[in-house]
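Proteins get letters first, then strands, A, B, ... in listed order; numbering begins at 1 in each.
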Number of protein chains: 2
Amino acid sequence: MNANEKFIAATAQVDEAAIAPLPNSRKIYVEGSRPDIRVPMREITQSDTPASFGAEPNPPVFVYDCSGPYSDPAAKIDIRSGLPALRQRWIEERGDTEVLPGLSSEYGRIRAADSALDELRFPGLHRAPRRAKPGANVTQMHYARRGIITPEMEYIALRENLNREQYIASLRATGPKGQKMADMMLRQHPGQSFGASLPPVITPEFVRDEVARGRAIIPNNINHPESEPMIIGRNFLVKINANIGNSAVTSSIAEEVDKMTWAIRWGGDTVMDLSTGKNIHETREWIIRNSPVPIGTVPIYQALEKVNGKAEDLSWEIFRDTLIEQAEQGVDYFTIHAGVLLRYVPLTANRMTGIVSRGGSIMAKWCLAHHKESFLYEHFEDICEIMKAYDVAFSLGDGLRPGSIYDANDAAQLGELKTLGELTDIAWRHDVQVMIEGPGHVPLHLIRENMDLQLEQCKEAPFYTLGPLTTDIAPGYDHITSGIGAATIGWYGTAMLCYVTPKEHLGLPNKQDVKEGIITYKLAAHAADLAKGHPGAQIRDNALSKARFEFRWEDQFNLGLDPDKAKEFHDETLPKDSAKVAHFCSMCGPHFCSMKITQDVRDFAAQQGLDEAEALKKGMEVKAVEFVKSGAEVYRNV
Amino acid sequence: MNANEKFIAATAQVDEAAIAPLPNSRKIYVEGSRPDIRVPMREITQSDTPASFGAEPNPPVFVYDCSGPYSDPAAKIDIRSGLPALRQRWIEERGDTEVLPGLSSEYGRIRAADSALDELRFPGLHRAPRRAKPGANVTQMHYARRGIITPEMEYIALRENLNREQYIASLRATGPKGQKMADMMLRQHPGQSFGASLPPVITPEFVRDEVARGRAIIPNNINHPESEPMIIGRNFLVKINANIGNSAVTSSIAEEVDKMTWAIRWGGDTVMDLSTGKNIHETREWIIRNSPVPIGTVPIYQALEKVNGKAEDLSWEIFRDTLIEQAEQGVDYFTIHAGVLLRYVPLTANRMTGIVSRGGSIMAKWCLAHHKESFLYEHFEDICEIMKAYDVAFSLGDGLRPGSIYDANDAAQLGELKTLGELTDIAWRHDVQVMIEGPGHVPLHLIRENMDLQLEQCKEAPFYTLGPLTTDIAPGYDHITSGIGAATIGWYGTAMLCYVTPKEHLGLPNKQDVKEGIITYKLAAHAADLAKGHPGAQIRDNALSKARFEFRWEDQFNLGLDPDKAKEFHDETLPKDSAKVAHFCSMCGPHFCSMKITQDVRDFAAQQGLDEAEALKKGMEVKAVEFVKSGAEVYRNV
């Protein structure tokens, strides 16, 4: 029995590490206008401020939660059954879809009939595929443009607001100092948003309007009713994507499902399955049925497998069947490299690193071999017809993105971007949702040009970038070289950041790499939210900083993106539990602590009513003596 | 015998990991106008381009080398003896210094006379301290302003140019394609330097002029003749600093020496010894005698230990003695928090995290207790007199830097910055070298204000920033939250970036953390150099990208900042040696590789003379057929 078979056998289980509760965290649901709109969030409970710092309660902080039912102790998790179909009723209620008698894809039917695959197959319920009724268009953009606010849109509005009203109310409820504390905890630097429109509160109508304009997308295929609605757009929280997927060299289905549950635990907003190895179809089924986040794919990868890796043998028919196969499984967005035009290909000949996008190179090879524009470009409207029948969103691929600093912002890349803008117009004529993929490798000072051109040429369709890496000289650390670029381009207006792991350029990421990539991109996305001035973004920073200042160690860990690592690092040098309530840390030791000195200064100023420099100047001489007398000690016993 | 004693005993040895040669790297020396100017660099040898990519030789690349004699197999390393006194003759030749009969510091003499410390003491040669002759000023700034180009300045010019002429000549020598290859490898994006002056070649005169203007500093105390001259200024390569140092809770002398040799192996340009624990004096002696890079300290830390941690008991006399003690040991720059003025202290009372700088909080406490301006401020000219007698540079400390996003760019911080500008003027009147410390925690969009104000108020004196961290929500990953800010502020003009390790806020870094911090900051500094358009900065990126494209795996690893990790990551999924000459990798496997497809496209275009889109359009139809006939395969056997 190989790894896959072992996994599929009756013992197939969720990765325990992916469902262990995070410390002091609780899954809560914010209810919408109807009982089946229940928006998950993670509530992080805090301890009270110690007496020496003023003994005040610190209300729970709510954070965005991508982890789905896995982090809900009340949920019964069995990955052999998949997740509940959360959106099923909303889809049915709209009455514009029909359940098909069977799979529309020929390949899908062949795989379904192949009993040799039984042991690999997802064993849970195989829901019959659903498709738009003839003539219907089931995209969220289509509803939005007709003025309809879907349950998905309402769900998203609640999700983006992060229960902020509740947090504010809790702050104000904390006794007489509540209002002052609320002012402090809610204070935020005005941002620099480069023209984004960031309302203080996200309403369902705002969501609808943004989707209608094409400035945001809601990737949720009607065949992926398990997904929790989320939105990608520059006027919402910056999102991140995690790539998983096997290759011909490594990985099993079990590993890929584990990577997915692991990725969403740490904050992956969407997951792309980039498998290029064996059993792509079956692997994807396992992933989708168990994924509460939208799943993206690059269908040309699977199409290429179907022609045994010979790019020139690809055809529209094979590709079309692949799109339908995947759309009926429930893939939420497709990367389609329709902007790789024949005339751009020779522009890459003098590049340092040529065409590094797999999809881009496949299409380039096809274009050269056939000397015509690709079937992706020629059949773009046909593709739109498929997309709107299932509500699959376009992620228009940047097949000619630079693969090195040398190639950044060159003619091939910028030529393709312009074409992606034209394709956006076409998709929008079909009310099909679109986002645009971006680079890649770009030095810091050339990042802005990418964003500005994308906003202009693609009319604010959401930008979805891979990094970009800001230098090529650090293999093994490309999560960081690219995290720098990601934070920067996120600030400028990119809506979703595709993560890069430490293994980039070197190998396929394992679970540890996935986590490292996710956390790096979560912090980059958050740095971007702060810089844009996204309303409420600073709440978590403020809460964590307050905990840090007050030596509430556990709260500091728990409010962070990775409580486990923070605690582990702390415990390396001060392992005893008592240290976690100590008013000092291993950096300075018990007799020497700037935080404590500051508190002494603050206490003294407060005692004397010395809030202002002016007051200090006037009254200081006498009080200075008192301060020395009181002998304020740096270290207090706790 | 405790850990220290074990270390000092006859067995004290250099950390073997710190001197193991890096793969395919060789220490070379570029000779200057006199034989004792020998500037170290690391030469990275590359393999030839494989036949399938055009079989061309790839000349060695030269990179900046901070590692000193440790990476020179010809050097005899014995940390009990210390390093050779490289600059001794230059210092003596100037004839403006005198060897003192003994230590000028009372504390220094007490420590020297204490036989209980013998077993901790650095056992090598104790050179008698050297000081400027009465009335003399021995700073590099003083020489520069009198038009003197010192050997140090010439050394630095050679160092900053990174043997580029040799590299260019080697490129051009590689056969008929040499010139074309040279054009490619030297091509670089024009940068955006925000007003920096970046000459194509650094001359000794340029170094002199920059030091004379105060735009750059050369930290090299006459009592640290072991140091290899380096420069910190916005018109030179961006530098990084690594902090080491024990605390009352952890670490031994052995560990700190190990951290120093480890930090410079990976690229620390300077090292700060921030010890606050036991035996600070002896620990520092070991570090300085073995350090080829400038050493910085925060003298107030040791002064505080001398008064048993009671800030209010500090006095000018104790501080003065500490400055002299450390200056005669050879500390190259002192962080001095002279900008913490009494009137700024109450401005911190309403902060989220108060005063987080240790030095800042000590001075704030002192000012409040005595109700007067600090002795650092009052005696600033006296301090200048000491600095110029040994050529210790100021690192004017930002004692009021923000410790959270909330506190960024507030009145206390910006008030202090203005004072630092005034102090810069005073130091410059004494021809004392100055750099200015900067924050801290700053959201991305407020970083620029820091740089702009610093350039204006401190008249382009080099800025030396800690990060800044761009969000507070990722304890355990603050090397990354701050690496983002560091790259950004480096681009804007910061001259040196003080690293932050993953342990920031959580504990003292161990060796692994030091390395992680160093590499993160090296890549951030390099990203900044690229963005500024520093001449030649892109050479290493270009060389690495070319190696990557040509599947020269070992070259890709070796040209990176951390060859060990790159190789380890690669080998995790493709462990066999044969894989490292394979024309594919584990991400896509042998049958599916965008790099190979690109090469096929390029070969085809070249065969047909199709460099141009126009040519392609015209001749394509026929040739497309040939392409299919030739059956260009994605995978070639090697």
Side-chain angles (χ1 to χ4, degrees), chain A residues 192 247-249 309 343 346 349 352-355 358 361 365 369 371 404-406 443-445 470-476 481 484 487 491 503 506-507 523 526-527 530-531 540-541 544-545 549 560-562 565-566 569-570 573 586 589 591 594 597-598 602 605 613 616 620-621 624 627-628, chain B residues 192 247-249 309 343 346 349 352-355 358 361 365 369 371 404-405 443-445 470-476 481 484 487 491 503 506-508 523 526-527 530-531 540-541 544-545 549 560-562 565-566 569-570 573 586 589 591 594 597-598 602 605 613 616 620-621 624 627-628:
Chain A
Q192 178 186 2
S247 82
V249 178
R343 65 177 180 274
M352 181 65 80
T353 47
I355 302 176
R358 285 190 277 186
S361 58
K365 190 168 181 182
H371 186 233
S404 55
I405 290 294
Y406 185 96
L444 263 177
H445 67 303
T470 54
T471 167
D472 299 332
I473 70 165
T481 64
I484 293 168
W491 170 25
K503 289 273 170 63
L506 299 170
L523 70 86
H526 187 73
L530 287 177
R540 193 171 181 178
D541 297 77
L544 192 145
S545 294
F549 183 76
L561 292 174
D562 183 356
K565 180 173 271 191
F569 278 181
H570 173 272
T573 38
S586 60
H591 300 292
S594 61
I597 291 179
T598 300
R602 188 185 281 186
L616 181 76
M620 203 60 208
E621 199 100 37
F627 183 70
V628 174
Chain B
Q192 178 186 2
S247 81
V249 178
R343 66 177 179 274
M352 181 66 80
T353 47
I355 302 176
R358 285 190 278 187
S361 58
K365 190 169 180 181
H371 185 233
S404 56
I405 290 294
L444 263 176
H445 67 302
T470 54
T471 167
D472 299 332
I473 70 166
T481 63
I484 292 167
W491 169 25
K503 289 272 171 65
L506 299 170
L508 276 188
L523 71 86
H526 187 73
L530 287 176
R540 192 170 182 178
D541 297 77
L544 191 145
S545 294
F549 183 76
L561 292 175
D562 184 356
K565 180 173 269 190
F569 278 180
H570 173 273
T573 37
S586 59
H591 299 293
S594 61
I597 292 179
T598 299
R602 187 185 282 186
L616 180 75
M620 204 58 209
E621 200 98 37
F627 183 69
V628 173

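A/L530 touches chain B through backbone and side chain together, each having a heavy atom under 4.5 Å away. Residue B/I473 touches chain A through both its backbone and its side chain, counting heavy-atom pairs closer than 4.5 Å.
Listed options A/P443, A/A566, A/S404 were ranked by heavy-atom pairs under 4.5 angstrom with chain B; first place goes to A/A566. The greatest number of non-hydrogen atom pairs below 4.5 Å with chain B, out of A/G476, A/G354, A/A527, A/A531, is found for A/A531. With respect to chain B, the highest number of heavy-atom pairs below 4.5 Å among A/D562, A/I484, A/L561, A/D541 belongs to A/D541.
For the pair A/W491 (side chain) and A/Q192 (backbone), a donor-acceptor distance under 3.5 Å is present. Of the possible donor and acceptor atoms, one in the side chain of A/R540 sits under 3.5 Å from a partner among the backbone N and O of A/G560. In terms of modelled atom types and a separation under 3.5 Å, the side chain of A/T470 and the main chain of A/T481 share a donor-acceptor contact.
Contact detail for B/L444 and A/A487: the closest heavy-atom pair is CD1-O, 3.7 Å. Annotation for A/S361 and A/I355: closest pair N-CG2, 3.4 Å, computed over non-hydrogen atoms.
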